[in-house]
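Here is the structure we will look at.
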There are 2 protein chains.
Amino acid sequence: MAAKGNKNDVSLQAEGRDYETELQSAGVRITRPRQVILTILKEMNDHPDAMEIFKRAVRVDESISLATVYRTMKLLEQLGAVHRHSFEGGPARFENADGDHHDHLIDLDTGKVIEFHSESIERLQQQIADELGYDIEHHRLELYGRKRKKKN
Amino acid sequence: MAAKGNKNDVSLQAEGRDYETELQSAGVRITRPRQVILTILKEMNDHPDAMEIFKRAVRVDESISLATVYRTMKLLEQLGAVHRHSFEGGPARFENADGDHHDHLIDLDTGKVIEFHSESIERLQQQIADELGYDIEHHRLELYGRKRKKKN
DNA sequence: AGGCCAGTTGCAAACGATTTGCATTTGCAA
DNA sequence: TTGCAAATGCAAATCGTTTGCAACTGGCCT
């Protein structure tokens with residue numbers, strides 16, 4: 001087999017930050033399943049769950065197993081490449097961790113996730129933790145709602 | 001058996017609001033397992049999970065089953081008597097719904113839950129949802145942290 | 001006081017999401 | 001190229017929770 005481009009070349013044309021190299025230097029082996037999942041990660045700008053990621057992966061490589069998706073997502077989470085969210089009433093969903101911090105508004109009708117950020121809220125949270133004598137490790141702010149019916 | 005006090009009287013001395021009557025009028029049967037769980041509910045000022053509630057219940061009545069605890073908690077939740085919280089990495093935990101709205105700070109070392117409320121944050125959330133064109137159904141704000149090491 | 005019967009129960013099995021043991025592959029450093 | 005630890009696929013296990021079902025029981029109705 002050719003040195004770099006292996007037989008089923010996984011169209012790695014995406015521009016983004018190079019996770020493969022990052023992982024490489026973190027001492028993680030770049031296996032075929034991980035290549036596939038990383039490619040999906042790079043193209044991912046939504047919040048899919050493990051099963052959805054698995055389905056996308058299978059489209060590229062039949063032989064990938066759901067267990068490996070779970071294992072890889074856990075690995076990527078530990079490495080800080082993805083964030084895991086456990087929204088109400090459903091499996092955990094993942095998102096690319098490259099952007100900056102934000103919270104989520106979940107559309108109860110569609111499941112769609114809208115990201116937002118409020119520096120004021122962040123500040124208030126910090127202040128509250130201070131008053132209670134705590135250091136915040138992380139937090140979770142989720143708004144669950146529905147699109148406002150037209151009105152006025 | 002005497003009219004009101006049945007044979008194994010479940011020490012219903014607590015002061016609080018009378019859920020039994022509330023449930024009664026909601027057309028729900030007051031069975032023995034429900035009596036026991038309601039008593040526990042009244043004394044409950046922490047955030048126990050189903051298993052913990054089950055254990056407390058068994059102390060009063062050997063024969064109660066975990067399934068009934070789950071069923072009853074679901075019922076009470078629907079009736080608005082308790083709130084269910086799914087904090088990170090653990091089973092759902094319940095709390096008495098009588099107090100006023102608050103959010104939670106979870107102590108990562110002990111699992112202890114501290115309640116807090118910030119009208120400013122509530123307002124900001126509302127404002128954000130407005131801007132995004134959504135009506136908030138409910139929200140979830142959880143701070144995860146550890147007690148601040150003395151310092152200064 | 002007794003009966004009736006839908007509402008409830010306990011039990012065990014089913015569930016959905018996620019993890020894990022194990023025997024088999026596979027990166028990749030030497 | 002070989003060697004071996006790391007990673008995989010598979011199936012079985014786990015955890016929290018729900019559910020089917022047959023047995024039981026509140027509590028309204030005589």
Side-chain angles (χ1 to χ4, degrees), chain A residues 1-8 10 20-21 23-38 48-55 57-58 60-79 82 84-94, chain B residues 1-8 10 20-21 23-38 47-55 57-58 60-79 82 84-94 111:
Chain A
M1 50 173 149
K4 216 36 173 315
N6 57 20
K7 58 175 192 264
N8 308 318
V10 193
E20 308 215 0
T21 306
L23 297 204
Q24 193 88 268
S25 44
V28 176
R29 272 191 203 169
I30 303 304
T31 63
R32 170 87 183 131
R34 306 226 256 234
Q35 279 178 34
V36 173
I37 292 174
L38 284 176
D49 58 37
M51 182 53 73
E52 172 61 25
I53 293 171
F54 171 63
K55 285 179 189 156
V58 164
V60 179
D61 183 336
E62 276 283 344
S63 68
I64 286 178
S65 78
L66 181 54
T68 293
V69 171
Y70 275 109
R71 280 190 280 235
T72 303
M73 294 321 283
K74 172 167 294 184
L75 178 69
L76 293 175
E77 188 188 5
Q78 288 163 346
L79 294 175
V82 302
R84 173 194 305 258
H85 301 291
S86 297
F87 299 135
E88 281 183 8
R93 299 170 63 171
F94 302 89
Chain B
M1 54 173 148
K4 211 48 172 305
N6 57 22
K7 59 174 193 266
N8 308 318
V10 193
E20 309 215 1
T21 307
L23 297 205
Q24 193 89 268
S25 44
V28 176
R29 270 193 204 164
I30 303 304
T31 63
R32 169 87 182 130
R34 306 226 255 234
Q35 280 179 34
V36 174
I37 292 174
L38 283 176
H47 301 69
D49 57 38
M51 180 53 71
E52 172 61 25
I53 293 171
F54 172 63
K55 285 179 190 156
V58 164
V60 179
D61 183 337
E62 275 284 343
S63 69
I64 286 177
S65 78
L66 182 54
T68 293
V69 171
Y70 274 109
R71 280 190 279 236
T72 303
M73 294 321 285
K74 173 167 293 182
L75 178 68
L76 293 175
E77 189 188 3
Q78 288 163 346
L79 294 175
V82 301
R84 174 195 304 258
H85 301 292
S86 297
F87 299 135
E88 281 183 9
R93 299 169 65 170
F94 302 88

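Just so it is clear: chains get the letters A, B, ... in the order the sequence lines come, proteins before strands, and each one is counted from 1.
- Distance check: A:Leu23 CG to A:Leu38 CG gives 5.5 Å after rounding to the nearest 0.5 Å.
- Taking CD of A:Gln35 as the reference point, atom CD1 of A:Ile64 lies at 9.5 Å (rounded to 0.5 Å).
- Note: CE (B:Met73) to C1' (D:dT17) measures 14 Å, nearest angstrom.
- Across every non-hydrogen atom of B:Leu66 and B:Ala50, the tightest pair is CD1-O, 4.1 Å.
- Going from atom NE2 of B:His85 over to atom P of D:dG16 covers 19 Å, rounded to whole Å.
- Overall, the helix from C:dT19-D:dA12 to C:dA30-D:dT1 carries an axis bend of 30° between its ends, with five pairs at each end and the value rounded to 10°.
- Here CG of A:Asp61 is found 10.0 Å from CD1 of A:Ile37. Values are rounded to the nearest 0.5 Å.
- D:dT25 atom P lies 11 Å from atom CG of B:Asp61, rounded to whole Å.
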Every protein N/O within reach of nucleotides 28-30 of chain D N/O, cut-off under 3.5 Å:
none

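- Atom CZ of A:Arg84 is separated from atom CD of A:Gln78 by 9.0 Å, given to the nearest 0.5 angstrom.
- Counting only distance, with no hydrogens or angles, the side chain of B:Arg93 and the backbone of B:Phe87 share no donor-acceptor pair below 3.5 Å.
- Per the geometry, CD belonging to A:Glu62 stands 16 Å off C1' belonging to D:dC10, to the nearest Å.
- Atom CG of A:Leu76 sits about 13.5 Å away from atom CZ of A:Arg71, to the nearest 0.5 Å.
- Between the CZ atom of A:Phe54 and the C1' atom of D:dC10 there is a distance of 12 Å, given to the nearest Å.
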Original post:
How would nucleotides 7-19 of chain C be written as a contact map, 5' to 3', with B for base contact, S for sugar-phosphate-only contact and - for no contact, using protein heavy atoms under 4.0 Å?
Top reply: BSBBB-----SBB

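- To the nearest 0.5 angstrom, B:His47 atom NE2 is 12.0 Å from B:Phe94 atom CZ.
- For the pair A:Asp49 and A:Ala92, the tightest heavy-atom approach, listed with the atom from each and the gap, is CB-O, 3.1 Å.
- A straight line from CD1 of B:Ile30 to C1' of D:dC24 spans 18 Å, rounded to a whole angstrom.
- For the residue pair A:Thr68 and A:Pro33, the shortest heavy atom distance occurs at CG2-CB, 3.8 Å.
- For the pair B:Arg34 and B:Leu75, the tightest heavy-atom approach, listed with the atom from each and the gap, is NH1-CD2, 3.6 Å.
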